[in-house]
Amino acid sequence: MAAISFELIKKDPGSLARLGSLTTTHGSIQTPIFMPVGTQATVKAMTPEELVEVGSQIILANTYHLYLRPGHELIGRLGGLHRFMHWDRPMLTDSGGFQVFSLGELRKISEEGVNFRSHIDGSRHFISPEVSIAIQEALGADIAMCFDECPPYPAEYSYVQKSLELTTRWALRCKKAHQRPDQALFGIVQGGMHPELRRESARQITDIGFDGYALGGLSVGEEKEVMHRMMHECSDILPENSPRYIMGIGAPEDLVEAVNAGFDMFDCVMPTRNARNGALFTSFGRINIKAAVYAEDQSPIDPACSCYVCRNYSRAYLRHLYRSQEILASRLNSWHNLHYFLDLMAQIRAAIGRGEFASFRKDFYAARG
């Protein structure tokens, strides 16, 4: 039995949007889907049971952070990441490439891999394609990602070209190293913000052949228009009957545009990070619960929302919790934001199922003024 199977159920007649079903070792996922980020084997402020309550079908965990603490070998000895964190649904682990890229002066890239210093204690470490795969196999997620280099933005054309070629060579090494039969492996397309390089990377990665394909290197500081244009560059090259994933995007508008470009899977820390900073997502846009205007506001965050928080708590109370620095503020805010993101994806799936995604997209923007 293959590690995963993907069924393309329906294509929207007025866009490139796709409705699909992705089956993994730990269950099936209806796509398009948003994956909450559990960086250190926890989606911050949420229990696994609460993640199920808000509609999470799959979550993401971070290879770099779990390698440093508590260590992939320890997690492997304790039965793998699912058992370690009490999550029995599908899970994806990233490769650690983006986190290493983010270290800046603390890392040095070579053909063999990346030497870097830990952001925790300054200790020296080395991750290669083979090491990244070994870590992810020990963690035991349903989907592992190839180790890649994420070029900065902006970057010289020649650098981005060399970077994508390195990512291709590393992808070949990842595929050769990957041995776990119950775990899928996705390849990553790079190429910066250069259309022809994006398409060349997509051709090289699909020629190797993976269980699914991802776009990396987006949401790194580029303009929204550029990001959305890059989404469309590869959609006719990536195999139609494979899952397509855009890594690290999370603004609701970006999710809608990514679905419009024919992608199926997305992740970002935005809903939980914004929640901890008092920024809440609604059907009519984003609100800042810290604002004085909410001091005596007895209405829910979003009257159109059916989540536990909107059914039970007022904006006034949530503002009080936040200003009092109560832990419950982070929990309730995160609950609402994650529900918003996952409900948005459910609405998108329903719209594609009806063949009305183009109308949904138009109404989505109209509601936000």
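All values below were derived from every heavy atom in this structure, side-chain atoms included, with hydrogens, water molecules and symmetry-related copies excluded.
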task = Indicate yes or no for a side-chain donor-acceptor contact from Glu149 to the backbone of Leu164 under 3.5 Å, with no hydrogens or angles considered.
result = no
message = To the closest 0.5 Å, what do you measure between CG (Asp211) and CZ (Phe6)?
response =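 Nearest 0.5 Å value for the CG-CZ distance: 13.0 Å.
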ask   = Is the backbone N or O of His65 less than 3.5 Å from a side-chain atom of Gln99, with the two atoms forming a donor-acceptor pair by type?
value = no
inquiry  = Under 3.5 Å, is there a donor on one side chain and an acceptor on the other for Thr25 and Asp182?
reply    =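 There is no such pair (donor and acceptor under 3.5 Å, judged by atom type) between the side chains of Thr25 and Asp182.
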query = Using the ring of each side chain (for Trp, its six-membered ring), is Tyr317 parallel, tilted or perpendicular to His320, with breaks at 30° and 60°?
reply =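 Tyr317 vs His320 ring planes: tilted.
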inquiry  = Students often mix this up, so state it plainly: with edges at 30° and 60°, are the rings of Tyr340 and Phe281 parallel, tilted or perpendicular?
reply    =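 Taking Phe281 first and then Tyr340, their aromatic rings lie parallel (interplane angle under 30°).
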query = Is the Tyr64 to His119 ring centre distance short of 6.0 Å?
reply =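 Ring centroids of Tyr64 and His119 are less than 6.0 Å from each other.
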Donor on one side chain, acceptor on other, His82 and Asp142, under 3.5 Å = yes
message = More than 12 heavy atoms of other residues, nucleotides or ligands under 6.0 Å from CD of Glu111: yes or no?
response =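 Yes, CD of Glu111 has more than 12 neighbouring heavy atoms, counting only those of other groups under 6.0 Å.
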Spacing of CD1 belonging to Ile109 relative to NZ belonging to Lys162, to within rounding of 0.5 Å = 13.0 Å
key: Under 3.5 Å side-chain donor-acceptor pair for Ser28 and Thr23   = yes
query = Counting N and O atoms only, with roles assigned by atom type, does the side chain of Asn288 sit under 3.5 Å from a partner on the main chain of Lys290, one being a donor and the other an acceptor?
reply = yes
remark   = Of Met227, Met230, Arg198, Glu233, the one forming a side chain to side chain contact (heavy atoms under 4.5 Å, CB included) with Leu215 is Arg198
ask   = Stepwise, does the side chain to side chain donor-acceptor pair (under 3.5 Å) test hold for Glu73 with Tyr67?
value = CA-CA 8 Å; Glu73 293 174 338; Tyr67 160 74; over 6 Å; no
inquiry  = Under a 3.5 Å threshold, yes or no: a donor from one side chain and an acceptor from the other, between Glu7 and Ser21?
reply    =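 Ser21 and Glu7 do not have a side-chain donor-acceptor pair below 3.5 Å.
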inquiry  = Would you say Ser334 and His336 are linked by a side-chain donor-acceptor pair, where the criterion is simply a distance under 3.5 Å?
reply    =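 Distance-only check fails for His336 and Ser334.
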query = What's the verdict on side chain to side chain donor-acceptor pair (under 3.5 Å) for Gln161 and His194, showing C-alpha distance, side-chain angles and the deciding distance?
reply = CA-CA 9 Å; Gln161 186 171 29; His194 304 284; over 6 Å; no
ask   = Hey, is the main chain of Pro32 close enough, under 3.5 Å, to the side chain of Arg349 for a donor-acceptor pair?
value = yes
